[in-house]
Participant: 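Please see the structure below; I have some questions.
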Amino acid sequence: MDGLTLPLGLVFLLACLPGVSSGSSGSFTSMFTLGDSYIDTGNFVIMAAPVAPVWNDKPPYGMTYFGRPTGRTSDGRLIVDFMVLTLVLFPRPVSAEELGLPFLPASLSNSSHIAQGVNFAVNGATAIDVGFFERNKLVQFKLLNNSLDVQLGWFEKLRPSLCNTTKGAGSEGCFGRSLFVVGEFGVNDYNFMWTANKSKHEVRSYVPKVVKTIASAVERLIGDGAAHIVVPGNPPTGCLPAILTLRRSPAAADYDRVGCLRGVNDVARHHNALLRAAVGGLRLKHPHARIVFADFYRPVYSILENPSHFGFVGGVLKACCGAGAGAYNWNGSAICGMPGVVACRDPAAYVSWDGVHFTEAVSRYVAKGWLHGPYADPPILSAVPH
Ligand SMILES: *[C@@H]1O[C@H](CO)[C@@H](O)[C@H](O)[C@H]1NC(C)=O
Ligand SMILES: *[C@@H]1O[C@H](CO)[C@@H](O)[C@H](O)[C@H]1NC(C)=O
Ligand SMILES: *[C@@H]1O[C@H](CO)[C@@H](O)[C@H](O)[C@H]1NC(C)=O
Ligand SMILES: *[C@@H]1O[C@H](CO)[C@@H](O)[C@H](O)[C@H]1NC(C)=O
Ligand SMILES: *[C@@H]1O[C@H](CO)[C@@H](O)[C@H](O)[C@H]1NC(C)=O
């Protein structure tokens with residue numbers, strides 16, 4: 001995605017040549033994304049700041065790329081940022097970044113620049129409705145009402161301003177050149193249960209409900225006219241410094257050879273297997289929709305298995321930004337963004353940015369694997385509309 005060296009003048013020249021414009025060479029013209037903190041570009045800060053302390057709007061968030069906090073929960077760009085740079089308007093080799101196009105605005109920012117898409121993701125978002133976690137006492141605090149269903153409602157509310165036709169479905173409709181990303185979802189659903197000290201057996205029992213919720217959302221989007229949808233699975237959450245700290249175990253057998261928690265990763269893989277099967281079912285039911293299953297587990301785990309090969313020489317299971325010291329550098333009372341909590345000098349050498357979220361370096365690798373393969377079925381760039 002980087003190393004795109006076409007000079008700007010040439011870019012505009014190419015764009016004006018018949019047959020090379022985005023319209024005829026094949027491209028997505030917009031992206032609409034639903035999800036959680038792995039792809040939120042600012043909604044959480046807008047939604048939460050009036051009601052609770054927020055930390056991802058403070059330095060050192062954004063230190064690597066934007067040079068300031070942007071509401072992204074990372075040191076820099078997120079997976080969807082790399083995707084939008086590559087996909088929207090121009091596929092390859094010209095990036096939107098070079099053309100000065102904006103990243104996707106957060107939906108709650110009320111931006112008027114929505115022609116290239118909108119990001120509805122919010123930190124902490126669950127697949128299952130938030131009321132479920134509160135009723136079942138799985139959380140000790142009030143959750144923001146930001147679940148998948150609510151985000152879909154936001155999209156549907158905005159839809160008339162993007163598309164007025166009633167025949168609007170499929171590749172001929174308003175969203176025939178739009179890429180939808182649904183997720184990842186599930187990480188927060190399961191993490192609330194893991195941190196509530198639920199057993200593996202209990203957490204695992206919720207997987208079918210979470211997967212069914214995601215699959216229903218994908219179907220609802222197809223009904224709304226979506227023709228290209230990416231459905232990411234869960235990363236290896238048993239390798240997150242926060243989960244490793246909160247679920248620390250005295251039993252060596254609870255850890256795999258990388259040092260991740262086996263039980264937590266087992267549930268993430270079970271989720272991914274069921275979600276992948278659900279995507280297969282949706283493809284049969286909706287043969288005109290292109291549905292990509294994006295693997296979030298393998299790219300992250302591949303890095304963890306062989307970190308120096310990928311340049312991650314600083315910390316593998318240790319957060320870059322934190323005040324926990326120890327093997328994981330995560331402390332729930334002193335998290336990144338709080339006063340006195342500092343980041344490592346070279347985030348690109350770390351897998352985990354703040355104990356829960358990945359560094360920009362990881363997001364770049366994951367996005368590349370989703371766009372070009374091998375971490376998506378089929379690779380997103382193989383399904384660009386013509
Ligand atoms: C966006 O618009 C809504 C509805 O008009 C309003 O309530 C909200 O405060 C606006 N948000 C921002 C960040 O301006
Ligand atoms: C969340 O918002 C939706 C509408 O956007 C509403 O139907 C639902 O009752 C709300 N849930 C909670 C728990 O407040
Ligand atoms: C669709 O119609 C509504 C109401 O008539 C209008 O406000 C909106 O601008 C239209 N959207 C598009 C994309 O034409
Ligand atoms: C967590 O659950 C385990 C058994 O499932 C129990 O032994 C342990 O005491 C619990 N820990 C806390 C902090 O509740
Ligand atoms: C975690 O942070 C709190 C608040 O700064 C501090 O009091 C506590 O000692 C820290 N715990 C560890 C294990 O570092």
Participant: Hydrophobic clusters here meaning ILVMFWY residues chained together by side-chain heavy-atom distances under 4.5 Å, can you tell me if Met193 and Leu246 are in one?
Facilitator: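 Different clusters: Met193 never reaches Leu246 through Ile, Leu, Val, Met, Phe, Trp or Tyr contacts under 4.5 Å.
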
Participant: So is Lys209 actually on top of Phe132's ring, under 6.0 Å and inside 45° of the axis?
Facilitator: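 The answer is yes; both the distance and angle limits are met.
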
Participant: Measure the acute angle between the ring planes of Phe312 and Phe310, then classify it against the limits of 30° and 60° as parallel, tilted or perpendicular.
Facilitator: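 If you compare the ring of Phe312 with that of Phe310, the planes turn out tilted.
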
Participant: Between Gln151 (side chain only) and Gly35 (backbone N and O only), is there a donor and an acceptor less than 3.5 Å apart?
Facilitator: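 The answer is yes, because a donor-acceptor pair under 3.5 Å joins these two groups.
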
Participant: Would the distance check show the side chain of Asp75 and the main-chain N or O of Thr359 forming a donor-acceptor pair, the cut-off being under 3.5 Å?
Facilitator: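 Judged by distance alone, no pair lies under 3.5 Å.
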
Participant: Under a 4.5 Å cut-off applied to non-hydrogen side-chain atoms, are Val51 and Leu144 in contact?
Facilitator: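 When only atoms from C-beta onward are counted, Leu144 and Val51 do touch, with a gap below 4.5 Å.
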
Participant: Could you grab the distance from atom CG of Leu317 to atom OG1 of Thr245, nearest 0.5 Å is fine?
Facilitator: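 Between Leu317 CG and Thr245 OG1, I get 10.0 Å after rounding to 0.5 Å.
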
Participant: Counting only N and O atoms by type, is there a donor-acceptor contact under 3.5 Å from the side chain of Arg283 to the main-chain atoms of Ile291?
Facilitator: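 Indeed, once roles are kept as given, a pair shorter than 3.5 Å links the two residues.
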
Participant: Determine, using the 4.5 Å side-chain heavy-atom cutoff (strictly less than), whether Tyr65 and Met83 are members of one ILVMFWY cluster.
Facilitator: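 Shared cluster, yes.
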
Participant: Have a look at Tyr61 and tell me which of Phe66, Phe44, Trp353 forms a ring-ring contact (aromatic ring centres under 6.0 Å, His included) with it.
Facilitator: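 Among the candidates, only Trp353 passes.
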
Participant: Using a 3.5 Å distance criterion without hydrogens, assess whether the side chain of Arg177 forms a donor-acceptor pair with backbone atoms of Phe28.
Facilitator: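 Not at all, since once roles are kept as given, no pair shorter than 3.5 Å links the two residues.
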
Participant: Are any side-chain N or O atoms of Asn146 and backbone N or O atoms of Asn123, one a donor and one an acceptor, separated by less than 3.5 Å?
Facilitator: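 Yes: the side chain of Asn146 pairs with the backbone of Asn123.
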
Participant: Does Asp40 form a side chain to side chain contact (heavy atoms under 4.5 Å, CB included) with Thr73? I'd like the steps, not just the answer.
Facilitator: CA-CA 7 Å; Asp40 179 1; Thr73 311; 5.7 Å; no

Participant: So, the side chain of Arg72 versus the backbone of Arg77: is there a donor-acceptor pair under 3.5 Å, distance only?
Facilitator: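 Not confirmed, Arg72 side chain does not pair with Arg77 backbone.
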
Participant: Which pairs pass disulfide bond (SG atoms under 2.5 Å apart) with one or both residues in residues 175-293, sequence neighbours excluded?
Facilitator: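 Qualifying pairs: Cys239-Cys260.
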
Participant: Quick one: closest heavy-atom pair of Leu152 and Arg220, and the distance?
Facilitator: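 Shortest heavy-atom contact: CB-NH2, 3.6 Å.
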
Participant: Locate the shortest heavy-atom distance separating Phe175 from Arg159; write the atom from each residue and the value.
Facilitator: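 Reported closest heavy-atom pair: CE1-NE, 3.7 Å.
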
Participant: Under 3.5 Å, side chain of Asn43 to main-chain N/O of Asn119, donor-acceptor pair present?
Facilitator: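 Yes, because the side chain of Asn43 sits within donor-acceptor range (under 3.5 Å) of the backbone of Asn119.
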
Participant: Assess whether side chain to side chain contact (heavy atoms under 4.5 Å, CB included) is satisfied between Arg247 and Asn197, documenting all intermediate values.
Facilitator: CA-CA 8 Å; Arg247 303 272 316 192; Asn197 199 29; 4.0 Å; yes

Participant: Which pair of non-hydrogen atoms, one from Leu148 and one from Ala127, has the smallest distance, and what is that distance?
Facilitator: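 Answer, listing the atom of Leu148 first, then Ala127: CB-O, 3.8 Å.
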
Participant: When the aromatic ring centroids of Tyr206 and Tyr190 are compared, is their separation below 6.0 Å?
Facilitator: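 Centroid distance Tyr206-Tyr190: not below 6.0 Å, so no.
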
Participant: Taking CZ in Arg269 as the centre, count heavy atoms belonging to other residues, nucleotides or ligands within less than 6.0 Å. Is the count above 12?
Facilitator: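 Yes.
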
Participant: Quick check: is Leu284 connected to Ile214 through a chain of hydrophobic side chains (ILVMFWY, heavy atoms under 4.5 Å apart)?
Facilitator: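 Ile214 and Leu284: separate clusters.
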
Participant: Anything under 30° is parallel, anything over 60° is perpendicular, the rest tilted; go ahead and classify Phe358 against Tyr38.
Facilitator: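 Phe358 vs Tyr38 ring planes: parallel.
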
Participant: Heavy atoms only: give me the nearest Pro232-Val182 pair and the separation to one decimal.
Facilitator: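 Closest approach of Pro232 to Val182, heavy atoms only: CD-O, 3.2 Å.
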
Participant: Closest heavy-atom contact between Leu104 and Gln116?
Facilitator: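 Distance-wise, the nearest heavy atoms are CD2-O, 3.4 Å.
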
Participant: Give a yes or no on whether Lys212 atom NZ has more than 12 heavy-atom contacts from other residues, nucleotides or ligands under 6.0 Å away.
Facilitator: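 No - once you tally the heavy atoms of other residues, nucleotides and ligands closer than 6.0 Å, there are 12 at most.
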
Participant: Is the Cys336 SG less than 2.5 Å from the Cys321 SG?
Facilitator: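 Judged by the SG atoms alone, which are under 2.5 Å apart, Cys321 and Cys336 are bridged.
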
Participant: Any Lys/Arg nitrogen of Asp266 or Arg204 sitting under 4.0 Å from an Asp/Glu carboxylate oxygen of the other?
Facilitator: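 No.
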
Participant: Are Leu240 and Tyr350 in one and the same hydrophobic cluster, where Ile, Leu, Val, Met, Phe, Trp and Tyr link if side-chain heavy atoms are under 4.5 Å apart?
Facilitator: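 No, it is not one cluster - the side chains of Leu240 and Tyr350 are not joined through contacts under 4.5 Å.
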
Participant: Same cluster for Leu158 and Ile46 if Ile/Leu/Val/Met/Phe/Trp/Tyr side chains link at under 4.5 Å?
Facilitator: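 They do share one cluster, since a chain of ILVMFWY contacts under 4.5 Å joins Leu158 to Ile46.
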
Participant: Taking Asp189 for its side chain and Ile128 for its backbone only, find out whether a donor-acceptor pair lies under 3.5 Å.
Facilitator: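 It does hold such a pair.
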
Participant: Once you round to the nearest 0.5 Å, how far does OH of Tyr365 lie from CH2 of Trp370?
Facilitator: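 Those atoms lie 13.0 Å apart.
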
Participant: Between Asp256 and Tyr301, do the side chains contain an N or O donor and an N or O acceptor separated by less than 3.5 Å?
Facilitator: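 On atom types as modelled, these side chains qualify, holding a pair under 3.5 Å.
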
